[in-house]
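Being a predicted model, the structure only gives us computed values, none of them experimental.
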Amino acid sequence: MATRPPGDGATPKQPEFIGPQAPDGPRSPEGPRASSALPLSYAGIIAVLLVVAAIGGGLAVGTIARPTPTPRPTPTPRIPTPTPQPTTDPAVFRQTLSGGCATEQGLWLVSDGGGLVRYNGKDWTQVDSTLRTLTQTSCDAGTLYAVGPVGAVLILDDRARQIQSFDVTLEDLRGVAAMTQGAMVVGTHGTVLLLSGGTWQPYASGLEEDLNAIVVFELQSAWVVGSQGISYRLEAAGWRAIPTGASVALRAVGGTGPQQAWAVGDAGTFLTFDGTWKPVETGVTTNLRAIARLGGALWIVGDAGTVLVLDAAGGDHTQPRTVPPTKFDLGTMCDLRSVFANGPDIWIIGGRGGVSGVWRIRDGKVAERWGEC
């Protein structure tokens, strides 16, 4: 870049042009007169400006006059219609479902050698597939407890969506009951364990029979049943044996309190307790495996698609009638292993040969059915 010589910064004064005259020539005798001719230097500048203006005008005219191209239509992309996904994972029912219960957040199933399954009111989803063997479940408002062979315990916090899985004994655990805080489990060789305050502790001594099921009313009130028709009632003084008169294995027990209970077992056995255990004729010889109460009716399920419904008598619906229950046709020959109530519905879970089925019953009719049974 050229540098300006030092000075006072004033713009150099242009030389003054006085009158037109020919350089070095004589002055006109007529004196000075106005002339319309421009100096050559000014004429050159003006000519250059005119050329620039002409070029600019030409560009402007060219820009305006250029025809607007016809817009090319944008092609609409062809998006293939996706194949609808099944609303239920078919793998859910290609395993042996063994138990179920419901929390306030959802309905849960466990399987014998498979995974943990959740139903959200629309879809069945296997949320855990670690091949645990679980056989029985029990739920409170926010927690699922499940048990299985060799002391297997699974605890699902349905509010926090957290799962804990561990072993608490070498005995096979066959029954579980959720409590207000914690749970109680039973198993082979008289095993009774209490989960309280986050720790497991033995809760019986001197029991030797295999225990298959438990129902708990409070910390010092419960029933358990098991092999060879045995039953024990938990009282303030401890566990007391109550004869049932049955000699077959009892598989499930339920009740409203220590003075009102019922139990089912092998060879169509059904017992009620109202001070003493009494047999009730069922009209079937299949093994009965689970029992649930909904309103004024008891629902009993067992092998070969057996479903029995026993009406309750009395205004408080606590005293079952000693008359044969009615048979409910579920339309399957699969072995039914679990039944539970949830709201107005009865839910039944069963399976055979590695496939399973789930039924929802409302108002005495099958409202929905899933699976391959």
Side-chain angles (χ1 to χ4, degrees), residues 99-102 107 138-139 175 177 212-217 222-223 225 229 231 233 242 244-246 248 250-350 357-369:
C101 60
L107 188 144
S138 182
C139 292
N212 297 327
I214 180 171
V215 59
V216 176
F217 311 114
W223 280 97
V225 297
S231 78
R233 185 170 65 182
I242 307 292
T244 66
V248 299
L250 299 177
R251 304 288 180 182
V253 63
T256 59
Q259 296 300 319
Q260 179 61 47
W262 43 84
V264 297
D266 291 354
T269 301
F270 175 41
L271 307 173
T272 65
F273 182 89
D274 58 359
T276 60
W277 285 106
K278 300 179 179 67
V280 176
E281 178 61 41
T282 61
V284 300
T285 58
T286 52
N287 295 337
L288 304 178
R289 299 187 177 276
I291 186 169
R293 180 171 180 260
L294 177 63
L298 299 176
W299 289 77
I300 304 164
V301 301
D303 292 350
T306 301
V307 181
L308 306 175
V309 183
L310 180 70
D311 291 333
D316 59 357
H317 299 296
T318 59
Q319 296 290 335
R321 297 171 180 164
T322 55
V323 295
T326 59
K327 296 181 181 180
F328 185 90
D329 185 9
L330 202 59
T332 183
M333 290 301 292
C334 286
D335 296 333
L336 307 178
R337 305 180 65 178
S338 178
V339 58
F340 61 94
N342 182 36
D345 300 330
I346 284 288
W347 294 81
I348 298 175
I349 297 98
V358 177
W359 296 260
R360 182 173 70 88
I361 299 172
R362 176 175 291 185
D363 299 328
K365 299 179 180 179
V366 176
E368 290 183 277
R369 176 176 180 166

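- Residues satisfying the side-chain contact (heavy atoms from CB on, under 4.5 Å) test with D266, not counting sequence neighbours, are V248, A249, R251, N287.
- Looking at every heavy atom in both residues, W359 comes nearest to G350 through CZ3-N, 3.9 Å.
- Applying the side chain to side chain donor-acceptor pair (under 3.5 Å) test to T269 and every residue at least two apart in sequence or in another chain returns nothing.
- Every residue two or more places apart in sequence or in another chain was checked for a side chain to side chain donor-acceptor pair (under 3.5 Å) with W299, and none qualifies.
- The side chain to side chain donor-acceptor pair (under 3.5 Å) check on T276 picks up K278, with sequence neighbours excluded.
- When all heavy atoms of A252 and A213 are compared, the pair lying nearest together is CA-CB, 3.6 Å.
- Partners of R360 according to the salt bridge (charged side-chain N to carboxylate O under 4.0 Å, His left out) rule, which considers only residues two or more places apart in sequence or in another chain, are D345, E368.
- Looking at V253, V216, I214 one by one, the single match for side chain to side chain contact (heavy atoms under 4.5 Å, CB included) with W223 turns out to be V253.
- S338 pairs by the side-chain contact (heavy atoms from CB on, under 4.5 Å) definition with F340, I349, not counting sequence neighbours.
- No side-chain heavy atom of V309 sits less than 4.5 Å from a side-chain heavy atom of P325.
- The nearest pair of heavy atoms linking R293 to A341 is O-CB, 3.8 Å.
- Side-chain atoms of L288 and L308, non-hydrogen and from C-beta on, do get closer than 4.5 Å to each other.
- Residues L330 and V301 fail the side-chain proximity criterion, which asks for heavy atoms closer than 4.5 Å.
- Remark: side-chain polar atoms of D274 are not paired, donor with acceptor, to backbone N or O of Q260 under 3.5 angstrom.
- Looking at T332, its side chain never comes within 3.5 Å of a backbone N or O of G305 through a donor-acceptor pair.
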Under the side chain to side chain contact (heavy atoms under 4.5 Å, CB included) criterion, do F273 and Q259 qualify, and how do the steps go? CA-CA 7 Å; F273 182 89; Q259 296 300 319; 4.3 Å; yes
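- Counting only distance, with no hydrogens or angles, the side chain of T286 and the backbone of G302 share no donor-acceptor pair below 3.5 Å.
- The closest side-chain heavy-atom distance from W262 to I300 is not below 4.5 Å.
- Take T244 and apply the side chain to side chain donor-acceptor pair (under 3.5 Å) test, not counting sequence neighbours, and it matches no residue.
- Smallest separation of non-hydrogen atoms from G268 and T282: O-OG1, 2.8 Å.
- No side-chain heavy atom of V307 sits under 4.5 Å from any side-chain heavy atom of V339.
- Atom CG of L310 sits about 8.0 Å away from atom CD1 of I291, to the nearest 0.5 Å.
- Between L294 and G343, the shortest heavy-atom contact is CD1-O, 3.4 Å.
- Here the options are T306, D303, D335, N212, the test is side-chain hydrogen bond (donor to acceptor under 3.5 Å, both in side chains), and the partner is R289; only D303 passes.
- Contact detail for A290 and R337: the closest heavy-atom pair is CB-O, 3.8 Å.
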